[in-house]
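FYI, the numbering just counts along the sequence from 1.
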Amino acid sequence: MEIVAVWFIGLVLALKAALKIWNLRAPMRRRLIAAILVVITSWIGLLFYDFYGRTRFPVWLNQ
């Protein structure tokens, strides 16, 4: 049961990060791909977004 709770928390936080990505000013296709990857990879994508990609995503998506 604890594993399901941890997975659910990771999913909710990943969805929150995906919403932040969705609100960036970038082409829709790139925002959609980045948001889906963060949600699919759940905790790994969330950690990548929070610790490395948050400041870099706007630049990457607009190239």
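At least one side-chain heavy atom of M28 sits under 4.5 Å from a side-chain heavy atom of W22. Residues I44 and F48 are not in side-chain contact: their nearest non-hydrogen atoms beyond the backbone lie 4.5 Å or more apart. For the pair N62 and L24, the minimum side-chain heavy-atom distance is 4.5 Å or more. Inter-residue side-chain proximity for I9 and W43 is flagged as met; some heavy-atom pair is nearer than 4.5 Å.
Hydrophobic clustering, with ILVMFWY side chains joined whenever heavy atoms are under 4.5 angstrom apart, groups V12 together with V39. I21 and Y52 fall within the same hydrophobic cluster, where Ile, Leu, Val, Met, Phe, Trp and Tyr residues are linked whenever their side-chain heavy atoms come under 4.5 Å apart, directly or through other members. Hydrophobic clustering (side-chain heavy atoms under 4.5 Å, transitive across Ile, Leu, Val, Met, Phe, Trp, Tyr) groups Y49 together with W60.
Here S42 contributes atom OG and L37 contributes atom CG; the two are 13.0 Å apart, rounded to the nearest 0.5 Å. Between the CG atom in L47 and the CG atom in L13 there is a gap of 9.5 Å [rounded to 0.5 Å].
Across A34 and L61, no two heavy atoms sit closer than the pair CB-CD2, 4.1 Å. Among all heavy-atom pairs drawn from A17 and L46, the shortest one is CB-CD1, 4.0 Å.
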K20 and F57: CA distance, side-chain angles, deciding distance, side chain to side chain contact (heavy atoms under 4.5 Å, CB included) verdict: CA-CA 10 Å; K20 288 181 183 179; F57 263 92; over 6 Å; no
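Heavy-atom contacts from other residues, nucleotides or ligands closer than 6.0 Å to CG of L19 number more than 12.
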